[in-house]
Asks: 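My questions all concern the structure below.
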Amino acid sequence: MGQICVRASELPRRFGQLSQAGTTVLVTHHGRETHALLPIASYHAIVAAKDERGSPLEEDSLIDRLPMLLLVVDNAARIVTANRTAHAVLRKPLGRLVGGRLLDHLPLLEGSVFQSYFNRTAQSGEPSSFELSGLFGAETWHRIETYRTVEGVVILAHDITEDIAAHRLADGKKALIDALAMHGGIGHFWLNVRGRIDRCDAAVERFLQLPATRLAGVAIADLVPVGQRVNLRQAIEDVLSGAGGRRLETEFLRNDGETLPMICAITELRGSFRSEGAVMVATRQ
């Protein structure tokens, strides 16, 4: 049977399909063959062979390089293959997982949603993908995938705890912004690193009697009386330099020429590598 070539970036997604091919899978990186994925029977035959010096060949399995837990469980619910990541995550010496029962090593799986997906894959061959919490700690989340092979069921577990936390945080921010908009009496500006307005909400438009399109790109310090601009610029500079948030009382100039006393709070909008500006919230005094 011929060989199959697959790019390294495609391997995690196509692992279930490729593991049933029954032939060698060559993995390429930038067009160069770097690894070979073998059927388990072929692998055992190679390990059992002797080189010319009579010593066993060193084990260098591709699955040990996967940055996710991989287990293969046979029809007797015993682990027949476990990669290095699985041993590290479960805090077991290398090789200790093989031969043990899955539920002995992962008792939290018993009675969980995992069992129904695992049984479906084992009985029908239908692959599954689902998320499971608390598998390796109370605050952890993993995406579990199961695939049927001739050896049993392949289990892949990828840690998505950070993704879940970021998603929840994003939901919280959206809910807060929606609540501010519904309140109607709290305006907020997004400022760039030069202290100019990127965008603002409807409450600001009502306060200043100007549409957001007119305010975009305007230096926010230009919206307060001349005598108060130095204080506002200094507060924004402090925030953008990482000195922490600032609260101040100032006045804004409305489109009709009147001044509007406001209480403001400014906090930095920091990205992964640098400041991306600031957020200012404002309410009428």
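Here, residue 1 is the first one in the sequence, and each next residue gets the next number.
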Asks: Using the side-chain contact (heavy atoms from CB on, under 4.5 Å) criterion, which residues pair with V113? Sequence neighbours excluded.
Replies: S116, Y117, F130, L132

Asks: R7: what forms a side-chain hydrogen bond (donor to acceptor under 3.5 Å, both in side chains) with it, not counting sequence neighbours?
Replies: E10

Asks: Taking the side chain as every heavy atom from C-beta outward, state whether L71 and T81 have any pair of such atoms under 4.5 Å apart.
Replies: no

Asks: With respect to I155, which candidate in V72, L109, L70, L102 satisfies the side chain to side chain contact (heavy atoms under 4.5 Å, CB included) definition?
Replies: L102

Asks: Can you list every ring pair (Phe, Tyr, Trp, His ring centres under 6.0 Å) pair that touches residues 82-114, not counting sequence neighbours?
Replies: F114-F118

Asks: What's the shortest heavy-atom distance between I266 and A278, and which atoms?
Replies: CG2-CB, 3.9 Å

Asks: Enumerate the ring pair (Phe, Tyr, Trp, His ring centres under 6.0 Å) contacts for residues 190-248, please, sequence neighbours excluded, ordered by first and then second residue.
Replies: H188-W190

Asks: Report, one line per pair, each donor and acceptor closer than 3.5 Å where one atom sits in a side chain of residues 220-232; sequence neighbours left out.
Replies:
from: Q228; atom 1: OE1; to: T250; atom 2: OG1; distance (Å): 2.6
from: Q228; atom 1: OE1; to: E251; atom 2: N; distance (Å): 2.9
from: Q228; atom 1: NE2; to: E251; atom 2: OE1; distance (Å): 2.9
from: R229; atom 1: NE; to: A221; atom 2: O; distance (Å): 3.3
from: R229; atom 1: NE; to: V224; atom 2: O; distance (Å): 2.9
from: R229; atom 1: NH2; to: V224; atom 2: O; distance (Å): 3.4

Asks: Go through the structure and list residues passing side-chain hydrogen bond (donor to acceptor under 3.5 Å, both in side chains) with D104, not counting sequence neighbours.
Replies: R101

Asks: Is there a side-chain contact (heavy atoms from CB on, under 4.5 Å) between L26 and I4 once you walk through the steps?
Replies: CA-CA 6 Å; L26 298 179; I4 299 174; over 6 Å; no

Asks: Using side-chain heavy atoms (C-beta onward) and a distance below 4.5 Å, is Y147 in contact with L156?
Replies: yes

Asks: Kindly give the heavy-atom pair with the smallest separation between M262 and A282, and that separation in Å.
Replies: CE-CB, 3.5 Å

Asks: Does any non-hydrogen side-chain atom of L90 lie less than 4.5 Å from one of L106?
Replies: yes

Asks: Is it the case that the side chain of D64 and the backbone of R84 share a donor-acceptor pair, with hydrogens and angles ignored and the cut-off at 3.5 Å?
Replies: yes

Asks: With sequence neighbours excluded, tell me which residues meet side-chain contact (heavy atoms from CB on, under 4.5 Å) with T85.
Replies: N83, V89

Asks: H158 and H142: side-chain contact (heavy atoms from CB on, under 4.5 Å), yes or no, with the steps?
Replies: CA-CA 5 Å; H158 182 62; H142 284 75; 5.9 Å; no

Asks: Are L191 and V218 linked, directly or through intermediate hydrophobic residues, by side-chain heavy-atom contacts shorter than 4.5 Å (ILVMFWY only)?
Replies: yes

Asks: Rounded to the nearest 0.5 Å, how far does CD of Q209 lie from CZ of R214?
Replies: 11.5 Å

Asks: Taking only residues two or more places apart in sequence, or in another chain, which ones meet R254 in a side-chain hydrogen bond (donor to acceptor under 3.5 Å, both in side chains)?
Replies: D256

Asks: Do any pairs count as a salt bridge (charged side-chain N to carboxylate O under 4.0 Å, His left out) and have a residue in residues 142-164, sequence neighbours left out, and if so which ones?
Replies: E131-R143

Asks: Can you see which heavy atom on I79 is nearest to which on L97, and at what distance?
Replies: CB-O, 3.6 Å

Asks: side-chain hydrogen bond (donor to acceptor under 3.5 Å, both in side chains) with T121: which residues, sequence neighbours excluded?
Replies: T146

Asks: Is there a donor-acceptor pair under 3.5 Å between the side chain of R78 and the backbone N or O of G100?
Replies: no

Asks: Under 4.5 Å between any side-chain heavy atoms of F15 and V154, yes or no?
Replies: yes

Asks: Hydrophobic cluster membership, with links at side-chain heavy-atom distances under 4.5 Å among I/L/V/M/F/W/Y: are L66 and V6 in one?
Replies: yes

Asks: Are any of the side-chain heavy atoms of R96 and L94 separated by less than 4.5 Å?
Replies: no

Asks: Might you point out which heavy atoms bring T161 and W141 nearest each other, and give the distance in Å?
Replies: OG1-N, 3.0 Å

Asks: Would you say E258 and L260 make side-chain contact, with heavy atoms under 4.5 Å?
Replies: no

Asks: Does L269 share a hydrophobic cluster with V193, counting links as ILVMFWY side-chain heavy atoms below 4.5 Å and allowing steps through other members?
Replies: no

Asks: Among the clusters formed by ILVMFWY side chains lying less than 4.5 Å apart, do V204 and I263 turn up in the same one?
Replies: no

Asks: Rounded to the nearest 0.5 Å, what's the gap from OG on S275 to CG on L240? Could you check?
Replies: 5.0 Å

Asks: How would you list, by chain and number, every residue that makes a side-chain contact (heavy atoms from CB on, under 4.5 Å) with Q123, sequence neighbours excluded?
Replies: N119

Asks: To check you understand the geometry: which heavy-atom pair defines the closest contact between T283 and G185, and what is its length?
Replies: CG2-O, 3.7 Å

Asks: Can you list the residues that meet the salt bridge (charged side-chain N to carboxylate O under 4.0 Å, His left out) rule with D198, with sequence neighbours excluded?
Replies: none

Asks: Answer with yes or no whether the hydrophobic clustering places L135 together with V153; edges join I, L, V, M, F, W, Y residues whose side-chain heavy atoms lie under 4.5 Å apart.
Replies: yes

Asks: Within the structure provided, determine whether P12 and M68 are in side-chain contact (heavy-atom separation under 4.5 Å).
Replies: yes

Asks: OG/S128 to CZ/R120 distance, rounded to the nearest 0.5 angstrom?
Replies: 7.0 Å

Asks: So which atom in V239 and which in G244 form the shortest heavy-atom distance, rounded to 0.1 Å?
Replies: CG2-O, 3.4 Å

Asks: Answer yes or no: is there a donor N or O on one side and an acceptor on the other, between the side chain of D238 and the main chain of S241, under 3.5 Å?
Replies: no

